[in-house]
Amino acid sequence: MTWKRVGIPKRKTVAKEQKKGNIQDEGWAWVVMLASCFGVAMSFAFANTFGIFYTNMTEELGFELTSVTLIGSIHTAISLGGAVLVVPVVERFGERQVLIVSGILQFISCFTSAFLTSFPLLLLCMGIILGFGAVLSLVSCMMATDKYFDKKKTTALTLISLGASFSMIIFSPVTKLLLENYGFHGTMMIFSALMLNTVVCGAVVFPLNTKESKTGVETSHKTQIDILFVKRPSFIMYMITNVLFVAGYYVAIGFLPETGISVGIDMDDISLVFSISGVLQIIGRLTFGFLSYKLPSHITKLWIIFLFAVGLTLLIVPFSTKLYHFIMFGLLNGFFQGGSLIGFNLCLKNLLELKYYGRGLSLALSMQGVGGLIGTPIAAFLQKASGNGDIVYLFAFSIFILSGIILLPFSKPRKETRTDIEIAVSQNNFKVYTRRVEQSKNNEIVYERDMNLFEFNI
């Protein structure tokens, strides 16, 4: 019996031919990456310094803490949760136009806030408009970097994510200095000028009109129809984890200045703690990325460990009375927080197939927006109801531990399946041989099937 084997061309060869003539991974792509990193830093400028603003706004404007935390929560909810709505806008109008509009929106919201004293109007400008401008900038920067890189895409996306940590390092002491010298309204006017630099970031992002990018958009629209993965228990628990860990993340940022001042730590030292935390966030992100590279099958477990560690570090604050206590908290919390902030992204690749990744990520960001919306207001309510300032850290500790526990049953490595199909023709029959391979780190299971489709006589 003579068998004939029909081969299928490898996808890498096709991709190489399609990519010919592109400027991906070349010199200007790194300029776009730097601009995107700056854009991400500006997007998180307020989210990472709202705690310092809270203290000033309660003293200078006479607002209650529960009220000003609502501004920060709405800003965070929109700047993260709005990603699902912004992605189609960026696909329709392009990264450059949307990024320029985001800079103008952030400028208008900050400049207008410099003349306001009414809480509802500040909520509109700082919470809603500024939050919407931030999510436009964040999504545009990520999508622009994704387009300009191919082989070095993972490296580029990791580097632009560091903009969030740089934002905490730079803007914490800058915000504190500006508030001391110019007050809230003067600070907002200066911030409006800083936000206008996002327009320059948009100016360097030239559109890439290639067949590959158009095909990618068409393919993404087709795959968006299939959303059955949202019914998987593992993905549902992953969504809940995203709500919880972001709800706990902003508690320390929002309440640490007030806690420090209550034990005699001045604002200069508190801003130093935030800057130290930002530096360790960078190290934490890089460490988690390295561990994920070495242990690709255990990314979910690594994320759970980092979430537990973040929760445990929050227990340091209620017992802190000296500056070095707060510095120790900043070191440990910043390191594990940095890892957890990149872990949610990498963990998703272990839970879902690649074709569902983009849609799953946008849903995860939406859930993080919900967490940002409810976290600090609940903590402020608990503090006011109990009269105990330490309860906010116990609350954050609890939800970080809970976020890791609910993900534990789904921390096993996802099996990788490969299917090989072989078609064989003999003189009098037509057969199909199927070989499916399920791979994990320790073993490989092979399933074979030989089907005789039909017979014929020649």
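For clarity, every value in this text was computed on a predicted model and none was experimentally measured.
- The line from CD1 of I265 to CD1 of I270 is 6.5 Å long, rounded to the nearest 0.5 Å.
- Pairing each heavy atom of P173 with each of M168, the nearest pair is CD-O, 4.4 Å.
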Donor-acceptor pairs are to be reported for all side-chain atoms of residues 367-381 against protein atoms at under 3.5 Å, with residues two or more places apart or in another chain.
unit_1: Q368; atom_1: NE2; unit_2: N242; atom_2: OD1; d: 2.8
unit_1: T376; atom_1: OG1; unit_2: S73; atom_2: OG; d: 2.5

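- Within the 3.5 Å criterion, the main-chain N or O of F344 finds a donor-acceptor partner in the side chain of Y238.
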Just do the side chain to side chain contact (heavy atoms under 4.5 Å, CB included) check on R232 and I236 with the steps written out, would you? CA-CA 6 Å; R232 298 179 188 177; I236 293 171; over 6 Å; no
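- For the atom pair CZ of F397 and CG of L402, the computed distance is 11.0 Å after rounding to the nearest 0.5 Å.
- Without hydrogens or angle criteria, Y54 side chain to T49 main chain gives no donor-acceptor distance under 3.5 Å.
- When side chains are defined from C-beta on, T175 counts as touching F191, because their heavy atoms get closer than 4.5 Å.
- Side-chain atoms of W28 do not come within 3.5 Å of backbone N or O of F206 as any donor-acceptor pair.
- Separating the CD1 atom in I74 from the OG atom in S79 is a distance of 11.5 Å, to the nearest 0.5 Å.
- The two residues A164 and R285 come nearest to each other via the heavy atoms CB-NH2, 3.7 Å.
- Using a 4.5 Å cut-off on side-chain heavy atoms (C-beta onward), F410 and T300 make no contact.
- Not one N or O on the side chain of S172 forms a donor-acceptor pair closer than 3.5 Å with the backbone of I169.
- Between the side chain of S137 and the backbone N or O of A134, no donor-acceptor pair lies under 3.5 Å.
- Of the possible donor and acceptor atoms, none in the side chain of S113 sits under 3.5 Å from a partner among the backbone N and O of C125.
- Around the CD atom of E64, the shell of radius 6.0 Å holds no more than 12 heavy atoms that belong to other residues, nucleotides or ligands.
- Side-chain N or O atoms of N181 include one that pairs as donor or acceptor with a backbone N or O of L177 at under 3.5 Å.
- How far CZ of F400 is from CG of L244: 9.5 Å, rounded to the nearest 0.5 Å.
- Y393 and T259 share a side-chain donor-acceptor pair at under 3.5 Å.
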Between I261 and M267, does the side chain to side chain contact (heavy atoms under 4.5 Å, CB included) criterion hold? Intermediate values first, please. CA-CA 7 Å; I261 290 172; M267 192 57 74; 3.6 Å; yes
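- Residues T117 and F63 approach most closely at O-CZ, 3.4 Å, considering heavy atoms.
- Proximity of F107 to L194: side-chain heavy atoms (C-beta onward) are nowhere separated by under 4.5 Å.
- Residues F308 and I401 form a side-chain contact, since some pair of their non-hydrogen atoms from C-beta on lies under 4.5 Å apart.
- The CG atom of L341 lies 10.5 Å from the CZ atom of F288; values are rounded to the nearest 0.5 Å.
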Go through the steps for V101 and F93 under the test side chain to side chain contact (heavy atoms under 4.5 Å, CB included), then give the verdict. CA-CA 11 Å; V101 170; F93 296 101; over 6 Å; no
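- Note: T287 OG1 to L302 CG = 11.0 Å, rounded to the nearest 0.5 Å.
- Within 6.0 Å of CE on M239 lie more than 12 heavy atoms contributed by other residues, nucleotides or ligands.
- Q281 places none of its side-chain heavy atoms less than 4.5 Å from the side chain of F336.
- A side-chain donor from one of T145 and S36 sits under 3.5 Å from a side-chain acceptor of the other.
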Between I52 and N56, does the side chain to side chain contact (heavy atoms under 4.5 Å, CB included) criterion hold? Intermediate values first, please. CA-CA 7 Å; I52 300 174; N56 180 271; over 6 Å; no
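- By the 4.5 Å heavy-atom criterion applied to side chains, F46 and L130 are counted as neighbours.
- Using a 3.5 Å distance cut-off with no hydrogens or angles, the side chains of Q106 and S109 do not pair a donor with an acceptor.
- A distance-only check finds no donor-acceptor pair linking the side chain of H325 to the backbone of V317 [under 3.5 Å].
- Here the shortest heavy-atom pairing between H75 and S43 reads NE2-O, 4.4 Å.
- S102 is not listed as a side-chain neighbour of F132, based on a closest heavy-atom distance of 4.5 Å or more.
- Between L138 and F44, the closest side-chain pair of non-hydrogen atoms falls below 4.5 Å.
- Considering all non-hydrogen atoms of both residues, S403 and T241 come closest at O-OG1, 3.1 Å.
- Nearest approach of I391 to S386, heavy atoms of both residues: CG2-OG, 3.6 Å.
- By the 6.0 Å contact criterion, CE on M142 is open, its count of non-hydrogen atoms from other residues, nucleotides or ligands being 12 or less.
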